[in-house]
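Right, one structure below, let's go through it.
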Amino acid sequence: MSELPIPQWAEKVAAELGQGPHVVVTGISPSGNIHNLREVLVGEAVANALMARGEKVRFVFHADTIDPLRRIAPGIPESFEEFIGHSLSRVPDPEGCHASYAEHFLSPFEEALREMEVDVEVLRSHKLYENGVYTEVTREALEHTEELREILQEVTGRRMPEHWSPYLPRDASGRLTGHRILEHVPEEHKVLFEDEDGWEDVADYSRGEGKLGWRVELAARWKALGVTFEPFGKDHTSRGSSTDTADRMADEIFNYPVPGRYEYEWISIKGKGPMSSSKGIVLLPKDLLKIMPPDALRRMMLGRDPSRTLELDLGEGFPRFMDEYRVETDANPVPFNHLVTVAQTVGTDLEAAAEMLRRGGYKKAARAKEILARDLAYARNWAEEWAPESMRLRLLSEEEAREAARDLDADSREYLAAVGEKLSPEMGGDEVQDLLYSTAVERGLKPKRAFAAVYTVLLGRKSGPKAGPFVAGLPVEMARERFRV
Ligand SMILES: [Zn+2]
């Protein structure tokens, strides 16, 4: 982790934070698909920058697993309505593959973080409550219920309900919401409460039998974990927002210095809009790792400066992004578009891919088989999932090529036959390109028509990737066969 380059903005944040020890926290609710990689990566960059300055740093990902289910995420069965108000860690997995609803969404995200080698400590909030990490701050919050309510009302401009409490005890059915606290017994860390039906019950807040409401929890968490820095998405920091209330609560109630802050902007997806799990506009890190290496994904998500909005283009613009990334990380990069062509031409045949690259002039890349296999997989996955139609290729079968050739005129067919005669296995991409061109000129055929004929019998279309390297990459016998029409 410390080998990652430290971006300038992160260095600046670290310098302003000053002396530690530091606790960098990022947090996300696993109430649906987790896509917010930017938050974790901002935390990682700042943690790294602090470490580079010789600071002691604990870097934490606070997964809000004890949070109540608030609404039904896209794709979740309606029947889950019955779990609204229940802790995500206690709601069943909608697909039945994990221990809980929370784990179902947290697990793949955690896996992606591992794959990216993000060195972060993942904490589940229901465990923190069960293990007593929140006990002291909960007691403080309960003792200052009135002042907390005042702050909430002043900052948000909204009146809190009459029986508002900073603490949400869990009732026998599992619900955290809609209860009224009757009594606080601090020496036993217990509250006596009444549920919606008028039943009285007791919750022990040192054992995870409830949680703090989210706005209070934010400030309480800073103190409970000793947080010194936390990044926030822009929507959390507008006026009257959760950071506004938490700042005052930390200062006036919990007596804890407000942690350093960085406001990052949202990421949107070209053609779709801002990422939002409630709208189902998400890009999952695990899917993105199928088309690029972890460091490219880091770079993509952070952008030049995460305090600016970013529009991701995973379609047409993606090859350029990959090329820019490779130029900086690889001494001899193969253009991504070329990898895409090779991957679609040879399928998973690594030897054939190496041969195609070698003849295309990428000898070094052809030799590094392990890297090549990985890069081809990225290119192939991108071609299948994201590539615009114009970049999707499929070699025609012999039968299909014959069929396609019927539309060509005699001049074009004779041109192809002439090229086929002259093709030889030693020719590289440039030589084949010359051959295709000079043969057209010799025969008085317009190059545009000549190349269209080539693409017609190979790909069943009028255009395609640069013809010379493409044809050179095919087994010679196959190319000759296709040109003999
Ligand atoms: Zn699952």
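Counting starts at 1 for both ligands and their atoms, in listed order. Since this is a predicted model, take the numbers as computed values, not measurements. Computed from heavy atoms alone, side chains included, the values below leave out hydrogens, waters and symmetry copies. Residue indices begin at 1 and follow the sequence shown.
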### Query
Any N/O/S atom of E103 sitting less than 2.8 Å from the Zn ion (ligand 1), backbone or side chain?
no

Which atom, counting only N, O or S, brings [X] closest to the Zn ion (ligand 1)?
| X | result |
| --- | --- |
| H104 | ND1 |
| D93 | OD2 |
| H98 | ND1 |

### Message
Strictly distance-based, threshold 3.5 Å: is any side-chain N or O of E230 a donor or acceptor partner for the main-chain N or O of W222?
### Response
no

Identify each donor-acceptor pair in which a side-chain atom of residues 74-92 lies under 3.5 Å from a protein atom, sequence neighbours left out, and give them as a table.
from : atom 1 : to   : atom 2 : distance (Å)
S87  : OG     : I66  : O      : 2.8
S87  : OG     : R170 : NH2    : 2.9

### salt bridge (charged side-chain N to carboxylate O under 4.0 Å, His left out) assessment of R298 paired with E44
CA-CA 10 Å; R298 251 190 198 89; E44 182 193 45; 2.7 Å; yes

### Task
Scan for ring-ring contact (aromatic ring centres under 6.0 Å, His included) pairs involving residues 149-178, sequence neighbours excluded, and state none if there are none.
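Qualifying pairs, neighbours excluded: Y167-Y205.
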
